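Here is the structure we will look at.
Chain identifiers are assigned alphabetically (A, B, ...) following the order of the sequence lines, protein sequences preceding nucleic acid strands; residue numbering begins at 1 within each chain. Predicted model only: the values in this text are computed from it and were never measured.
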Amino acid sequence: MSSAQSETHPYRSAAAQPVSGQPRSREGAVLTCADVSVEFGDFRALDGVTATFPPGRVHALVGQNGAGKTTLARVLAGLVEPLSGTVQVGEDLLSGGSVGEARRHGVELVHQHFALPADFTVAQCFELFNDGPQLLGAFSRTRLRRRAETLLAGAGTDVDPDAVIGRLPIETVQAVEIARALASNPRVLILDEPTAVLPPPAMHRLFERLRGLAAEGMCVIVVLHKMQEVFGVADTATALRAGRLIIEPTPIGDLDPASLSRAIIGGASIEAVPSAHEPASSAPVELRAAGLSARSSAHDASAVDVSLEIRQGEIVGIAGVEGNGQRSLVEAIVGVTAARSGSIWLGEADVSEASVRERRGRGLRVIPFERNVEGVSLSSSLWENHVAMRRGRGGWIIWPKTLRRQCKEALDRWKVSYRSEEQQAGSLSGGNVQKTILAREVTDDLRVLIAAHPTRGLDIAAARDVRAALVGAAAADAAVLVVSADLEEMFEVCHRVLVMLAGRVVAAFERPFDVERVGAAMVGGDEG
Amino acid sequence: MGDFIVTCLQAATPIWLAALAGMYAQRSGVIHLGLEGLMVSGAFVATATAIETGSIALALAAAIVVNLTLSLLFWLLITYFKANVMIVGLGLSLTAAGATGYALVVVFGSEAAVQSPIGLPQPLSGLTGPLAPLGDLSVLTFAAIALTWIAWWSIRRTRAGLKLSACGSDPFAARSAGVPVDRYRLAALQIGGFLCALAGTELSLAGVQSFSDNITQGRGYLAFAAVLLGNVAPIGVSVAALFFGFAAAFGIQSQLDFNGTLPPQFVLMLPYIVTIIAISITAVIKKRRGEQPTLILERTL
């Protein structure tokens with residue numbers, strides 16, 4: 001690491017010394033994988049990956065979706081058994097495919113979506129992952145609590161050990177998961193996309209932690225998505241593409257963001273999304289919510305007294321840490337959840353009491369939060385998914401031939417790569433699933449488009465197409481509401497950004513956006 | 001009054017033991033609809049062995065061995081052959097009902113019932129005075145009390161219990177903690193097989209000392225209802241089972257007390273009606289709290 005870099009990158013300079021102050025009973029270890037291949041069915045997820053990760057550094061693992069980052073992380077942690085190849089920790093060769101063995105050798109994995117049972121308390125989670133010797137492992141509640149308190153304090157996390165995981169905010173769950181991973185004093189710590197769920201300030205804190213752990217001698221491997229994060233925190237970068245190792249662990253000083261991006265994408269350059277034109281100030285309001293309060297049945301805060309207006313051709317973003325009422329708001333607007341109070345207007349019509357079907361009839365369309373659960377039926381064919389929400393035309397009788405043709409036309413127009421309209425939606429990649437949803441939702445009669453996490457988990461090229469579709473919808477005079485955790489994306493496509501915190505809209509921002517201020521508002525530090 | 005409490009406990013014991021079996025299974029992530037089948041097989045094997053050997057210990061042992069084998073089969077089908085848990089459970093129940101009825105005819109040449117010369121010991125049978133009714137309780141009722149405590153302790157106060165619960169509530173998390181999920185499920189099903197053997201033996205060799213065709217009469221399903229009603233918690237499940245025992249005892253008592261005025265069919269319906277109401281209420285409460293209804297979903301790798 002050059003001295004120039006430590007000045008430019010805050011995480012490097014901030015974390016020169018160890019954070020925990022606890023004596024470490026185990027030294028960090030070098031983690032090596034040799035010729036690792038993994039197959040899921042006939043899909044080759046990893047193809048002969050060989051890499052060496054020395055201790056005392058933060059290693060970034062990058063690649064597009066489906067490149068095999070998560071699979072590699074899971075192979076290293078023993079959760080996925082490789083078809084061939086070996087994993088070695090320090091001097092010890094692991095037999096592979098055993099989490100218990102990997103953990104005994106000091107390899108801990110922090111999952112992207114966390115692996116803590118939602119109905120367990122924090123203290124119980126620590127005990128679940130406790131590897132100390134004991135046949136049945138009998139404990140008293142006091143001992144459980146005390147152990148959890150010690151470990152949480154050691155990890156610098158302030159949570160009630162008796163709090164139930166499912167009721168904690170996502171950032172806290174991540175802190176608990178990291179604390180439980182550190183509890184066994186690991187030699188190697190692997191984190192799978194830890195930044196996906198974090199607002200900027202929490203991300204900074206996490207990066208400082210990781211720098212500190214590496215300074216203590218631990219081998220830290222982080223799966224990351226964004227170049228900015230890679231160059232902010234990592235000492236080395238390793239890139240995967242389509243299951244193959246494209247760049248072996250290389251000091252970050254020898255790389256630059258542009259070339260690393262190109263390596264990840266595989267040469268093809270990605271056009272920038274054309275920016276949306278400012279809507280005319282005289283453009284009529286297409287979507288209006290006034291004093292709207294609602295609560296989704298899913299895990300989310302209630303939306304409280306939310307008022308917003310979106311004009312024709314305008315794209316408005318809702319930023320916020322997940323679980324701050326975005327879902328309640330979207331579901332109330334769509335009509336899946338009944339509003340407790342307040343009103344919703346589509347154009348001139350009050351639709352507060354209207355059914356989902358009636359709202360859709362007025363041109364309201366949605367790209368839902370969970371594309372694989374709410375957006376499509378994975379086990380149904382593409383044409384069935386395509387026509388599922390189009391009712392009325394041609395009466396009650398289904399003419400498969402016509403519908404298949406309509407589906408084919410729409411999918412071709414949206415450049416979905418598919419084999420046949422009869423193919424199951426579940427056999428498509430995430431990006432193509434999202435495009436089939438767009439093909440169904442974005443039609444000529446579209447007036448209001450609500451897009452929830454439209455590019456989450458999509459690779460760069462697919463994400464670009466989806467963003468272009470949002471901008472295109474606005475250009476065709478629709479009102480667009482985007483809910484996203486990705487601030488860069490918001491800033492790229494939105495005219496205005498509202499920040500939700502604890503169910504309320506707490507701040508509103510206009511172009512040009514300031515990432516620091518929006519980020520601060522997300523955690524309640526700025527009133528915009 | 002003492003008589004009534006004893007009747008409650010007697011009626012509750014088989015359901016209670018089977019409900020604990022279902023609780024272990026569900027904690028491990030297996031919805032156990034085979035409780036009915038394991039009870040009836042336990043009841044038959046225990047009675048047949050008691051008749052052939054005249055030994056209660058051998059009768060219990062035989063019932064346990066058969067049920068451990070059936071539970072192992074259940075586990076193999078759902079683990080290695082990836083069969084649907086509900087179908088296998090129901091299949092086990094239906095097959096066992098048919099097989100025991102058939103075996104009754106083949107072995108004993110009877111289509112209705114066979115009497116056993118011996119019954120389960122009654123540890124308090126020597127009591128006199130106001131506690132005398134307790135003398136009718138079989139040893140397995142006391143075992144149920146002890147097993148409830150053991151269940152509570154093992155689930156709530158041991159790491160093994162936590163791991164078992166993790167297998168049910170988040171198998172992915174369990175696997176990430178290095179828990180061999182399938183083996184924990186096997187263990188839970190084996191404990192369940194053992195408990196159902198006790199439940200079946202209690203049913204056939206406690207009071208009536210006989211085995212009749214379809215002796216369980218849906219008690220296994222009632223036990224499954226108790227698992228849900230008790231929220232898969234050891235104490236809750238036991239309370240639910242005791243409640244079903246109370247309902248059954250109430251049915252018997254009401255037929256004696258106001259013979260003819262209350263239709264017996266209605267009394268027999270009572271536990272099921274209460275179950276539906278209670279489950280509806282808990283579902284509403286969960287919904288109010290914003291929780292998802294209880295579902296066991298496997299997160300895939």
Heavy-atom pairs under 4.5 Å with chain B, option from A:E101, A:R104, A:H111 with the top count: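 Heavy-atom pair counts peak at A:H111.
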
Structural part of B:S154 lying under 4.5 Å from a heavy atom of chain A: neither

Residues in salt bridge (charged side-chain N to carboxylate O under 4.0 Å, His left out) contact with B:E36, at least two apart in sequence or another chain: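 Listed in chain order: nothing, the list is empty.
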
CA sep, side-chain torsions, deciding dist, call: B:F74, B:H32, ring-ring contact (aromatic ring centres under 6.0 Å, His included): CA-CA 10 Å; B:F74 185 14; B:H32 204 326; 4.9 Å; yes

Pairs flagged by side-chain hydrogen bond (donor to acceptor under 3.5 Å, both in side chains) wherever residues 79-88 of chain B is involved - sequence neighbours left out: B:W75-B:T79

Interchain contact, A:L109 with chain B, by part (heavy-atom threshold 4.5 Å): neither

Which portion of A:D119 sits near chain B, non-hydrogen atoms under 4.5 angstrom: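 When you check distances to chain B, only side chain atoms of A:D119 fall under 4.5 Å.
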
Aromatic ring pairing B:W153/B:W149, orientation class (parallel under 30°, perpendicular over 60°, tilted between): parallel

